[in-house]
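To start, the structure itself, in structure tokens.
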Amino acid sequence: MSYISQEIVNEIRQKNDIVNVVSLYLPLEKRGKNYFGVCPFHDDKNPSMSVSPDLQMYHCFSCKAAGNVFKFVADYEHVSYNEAIKLLGEKVGITVGGNIPKKENPNNKYYEVLDIAKKFYQNNINTSLGTYAKKYLAARSIDSDTIKKFEIGLSHTASSVTKLLLNKEYSIDDLIALGLSNGRTKDIFINRIMFPLYDPSGNVIAFSGRIYNTEDNSKYINTKETPIFKKREIVYNYHNAHKHLLKNDSIIVMEGFMDVIRASTVGIDNCVAIMGTAVTKQQLVLIRKLSNNIILCFDGDEAGEKATVSTIALLEELNIAPKIVRLEDNLDPDEYILKYGKDKFISKISKAFDVLEFKMLILKKNKDMSNINEVSKYIEEVIDEIITINDEILGELKLKQLSKEFDIDYKVLKKQYLTKSKNKVRIKKTVDVVEKQIVRRSKYELAQRSLIYYMLIDEEVINLFENNISYLPVENYRFLANEVVHYYHKYGNIVLADFMSYLIDNNNLFLTLSSIIDDCLKSEYSIEEINDYIKVINEYNINNEIKKLEIKINNEVDPLEQAKLLDKIMEIKGVKV
């Protein structure tokens with residue numbers, strides 16, 4: 001694969017002014033030096049995203065989304081960072097045939113192996129070996145077009161993927177590591193319909209194999225965790241779903257990949273699956289990139305209900321209020337569509353509950369509504385939930401609904417609501433104080449973060465850093481500062497927006513840089529400020545070195561050695577011995 005140089009990446013960025021590009025997606029209003037608009041990456045009620053023409057960066061003061069023009073387009077269009085570079089390159093007449101420069105990915109060989117395995121399984125199902133598997137799928141209303149679309153294949157005793165890959169000179173150790181083969185050079189998947197699992201970029205990273213013509217205690221066997229497959233981080237069909245979404249479209253989240261495949265057979269392609277009921281925050285953060293309009297459509301059984309409750313809690317932490325669909329008869333979406341058809345399923349989606357409606361259903365469940373005490377408890381619990389929502393109109397409607405449903409004076413309910421709200425405000429203030437104490441950084445950490453930021457703003461600060469700082473105490477800041485210096489000497493200048501592109505393949509340092517940008521430091525500075533940061537950092541290093549020497553003195557039994565160590569401490573402190 002060909003690669004484009006960092007210089008070309010920078011040229012594309014420089015020719016795509018961030019204010020002009022962002023203005024194509026949303027209205028911006030100039031305030032002072034910067035421009036402001038409604039952030040598209042969270043449910044923003046007021047313009048909270050700032051776009052800086054000087055720094056060529058954007059930053060949301062609410063959800064903390066931040067980055068350069070490539071990052072904005074990548075997140076808005078639901079494409080990879082590299083694809084955003086290509087899109088913006090084409091916009092300014094620069095054709096990009098490769099990716100931004102990066103180190104050779106050690107996992108490339110794994111992707112290669114699994115792609116061959118996928119094609120091998122696909123070939124099996126389209127030969128005489130796949131006759132019964134295709135009949136089985138046809139009986140479940142999975143036709144040839146769907147088999148092709150989702151690249152469904154077949155593992156078979158008469159055709160060994162291990163043998164094929166060993167003949168292609170891939171090592172057995174790699175095949176074992178990828179969960180394709182066992183230690184006796186035999187296939188792990190035998191006589192199963194094979195469903196490929198993908199990463200967000202569309203690379204095959206694992207398989208799920210289903211029995212179809214035999215009895216087995218395990219209906220499905222999934223690839224074990226591997227160097228490239230972490231189930232907690234994967235969302236099935238993500239790579240396809242984003243192609244069907246516009247900015248305000250919803251994404252339907254299901255439990256299993258068969259639910260997604262079934263929905264696709266009736267023309268519903270905006271679906272993804274979390275591969276079970278144990279939803280993780282990593283998966284939801286990924287889904288949020290597709291859309292903020294999330295509909296949860298889990299299985300209709302009790303486990304699906306519990307998964308819905310826990311997922312709502314995780315989404316609320318991400319400031320997202322999903323819609324919820326509950327399917328009757330304990331059916332999953334696959335079964336529901338087969339039993340009731342496309343139209344009834346679409347009707348369920350269109351009438352999805354909001355979070356409060358769903359919680360009210362859960363609160364009412366297993367309560368005796370003919371019992372006054374049970375009714376009172378239910379109303380108190382509902383009011384507690386109403387307080388948590390930020391929509392005053394919806395809250396009023398729910399209070400009036402309760403008043404009408406239970407024939408209770410609205411004023412009584414409103415009074416209780418206001419009393420509880422005041423208590424909540426008092427509690428929130430206490431929590432906010434605690435949280436602020438928790439996130440408070442030491443002056444030494446603040447000095448390191450500020451110094452790195454200003455190194456990216458002005459080359460003069462890089463020179464001051466090199467001449468006056470020998471060591472940054474925090475490892476991530478030390479590595480990041482070293483990368484800044486390396487970049488500056490390699491390319492002759494430093495631009496924050498370009499440096500972000502340079503770091504894109506180093507996720508750890510990229511996140512550290514994003515965190516520093518979140519600090520929203522002012523762009524202007526004085527030399528006195530920089531010298532203060534340097535003084536604080538050097539002070540920390542000196543004190544740390546003295547502490548180490550004092551520990552050595554305490555552990556040293558030889559008086560002469562103790563004296564030498566004490567002399568070193570005096571020397572560090574600048575005291576003549």
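Taking a 6.0 Å sphere around CZ of Arg140, one finds it holds more than 12 heavy atoms contributed by other residues, nucleotides or ligands. The neighbour count for Lys306 NZ, taken as heavy atoms of other residues, nucleotides or ligands under 6.0 Å away, does not exceed 12. The neighbour count for Lys231 NZ, taken as heavy atoms of other residues, nucleotides or ligands under 6.0 Å away, does not exceed 12. Within a 6.0 Å radius of CG in Leu24, other residues, nucleotides and ligands contribute more than 12 heavy atoms.
For Phe257 and Tyr220, the ring centers sit closer than 6.0 Å to each other.
Between the side chains of Glu335 and Tyr340, no donor N or O sits under 3.5 Å from an acceptor N or O. Side chain to side chain, Asn68 and Ser501 meet the donor-acceptor criterion of an N or O pair below 3.5 Å. Inspection of the Glu529 and Tyr454 side chains reveals no N or O donor paired with an N or O acceptor under 3.5 Å. For the 3.5 Å distance criterion, the side chains of Arg449 and Tyr477 qualify, holding a donor opposite an acceptor. Between the side chains of Asn82 and Ser80, no donor N or O sits under 3.5 Å from an acceptor N or O.
The line from CG of Leu413 to OG of Ser403 is 5.5 Å long, rounded to the nearest 0.5 Å.
Judged purely by atom type and a 3.5 angstrom limit, Asp329 has no side-chain atom pairing as donor or acceptor with the backbone of Leu331. Between the side chain of Asn16 and the backbone N or O of Leu88 there is at least one donor-acceptor pair closer than 3.5 Å. Between the Arg210 side chain and the Ile193 main chain, no donor and acceptor come within less than 3.5 Å of each other. Here the side chain of Lys30 pairs a donor or acceptor atom with the backbone of Gly32 at under 3.5 angstrom. Asp75 contributes no side-chain N or O that, together with a main-chain N or O of Phe72, makes up a donor-acceptor pair within less than 3.5 Å. Checked by atom type and distance alone, the side chain of Ser421 pairs as donor or acceptor with a backbone atom of Tyr417 at under 3.5 Å. Under a 3.5 Å cut-off, the side chain of Arg326 and the backbone N or O of Asp299 do form a donor-acceptor pair. Of the possible polar contacts, one joining the Thr419 side chain to the Lys415 backbone as a donor-acceptor pair under 3.5 Å is found. The closest donor-acceptor contact from the side chain of Ser347 to the backbone of Asp343 lies at 3.5 Å or more, if one exists at all. Thr223 places a side-chain N or O within 3.5 Å of a backbone atom of Phe207 that can act as its donor or acceptor partner.
In this structure, the side chain to side chain contact (heavy atoms under 4.5 Å, CB included) partners of Glu328, at least two apart in sequence or on a different chain, are Tyr336, Lys344, Lys348. Under the side chain to side chain contact (heavy atoms under 4.5 Å, CB included) criterion, Asn20 pairs with Asp17, sequence neighbours left out. Taking Asn366 as the reference, nothing meets the side chain to side chain contact (heavy atoms under 4.5 Å, CB included) condition, with sequence neighbours excluded.
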- Message: side-chain contact (heavy atoms from CB on, under 4.5 Å), that's the test. Do Phe353 and Leu361 meet it? Break it down for me.
- Response: CA-CA 10 Å; Phe353 300 119; Leu361 286 174; 3.6 Å; yes

- Task: Take Asp384 and Thr388, measure what side-chain contact (heavy atoms from CB on, under 4.5 Å) needs, and give me the verdict at the end.
- Result: CA-CA 7 Å; Asp384 287 337; Thr388 65; over 6 Å; no

- Passes side-chain contact (heavy atoms from CB on, under 4.5 Å), Ile312 versus Phe358? Steps please. CA-CA 10 Å; Ile312 288 171; Phe358 172 72; 3.4 Å; yes

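Between Tyr236 and the options Val272, Ile274, Ile261, a side chain to side chain contact (heavy atoms under 4.5 Å, CB included) holds for only Ile261.
Glu385 has no carboxylate O lying under 4.0 Å from a charged side-chain N of Lys398, or vice versa, which leaves the two without a salt bridge. In summary, Glu396 and Lys414 engage in a salt bridge, as defined by a charged side-chain N under 4.0 Å from a carboxylate O. Lys365 has a carboxylate O that lies under 4.0 Å from a charged side-chain N of Glu305, or vice versa, which qualifies the two as a salt bridge. In summary, Lys323 and Asp354 do not engage in a salt bridge, as defined by a charged side-chain N under 4.0 Å from a carboxylate O. Under the 4.0 Å criterion applied to side-chain N and carboxylate O atoms, Glu316 and Lys359 are assigned as salt-bridge partners. Between Glu374 and Lys364 there is no salt bridge, since none of the side-chain N atoms of the basic residue sits less than 4.0 Å from a carboxylate O of the acidic one.
Contact between Ala352 and Val325 at its shortest, heavy atoms only, is CB-CG2, 3.8 Å. Smallest separation of non-hydrogen atoms from Ile18 and Gly67: CD1-O, 4.2 Å.
Looking only at side-chain heavy atoms (C-beta outward), Val355 and Pro322 come within less than 4.5 Å of each other. With a 4.5 Å cut-off on side-chain heavy atoms, Tyr35 and Glu29 do not count as touching. Contact check for Tyr533 versus Tyr453: no side-chain heavy atoms found under the 4.5 Å cut-off.
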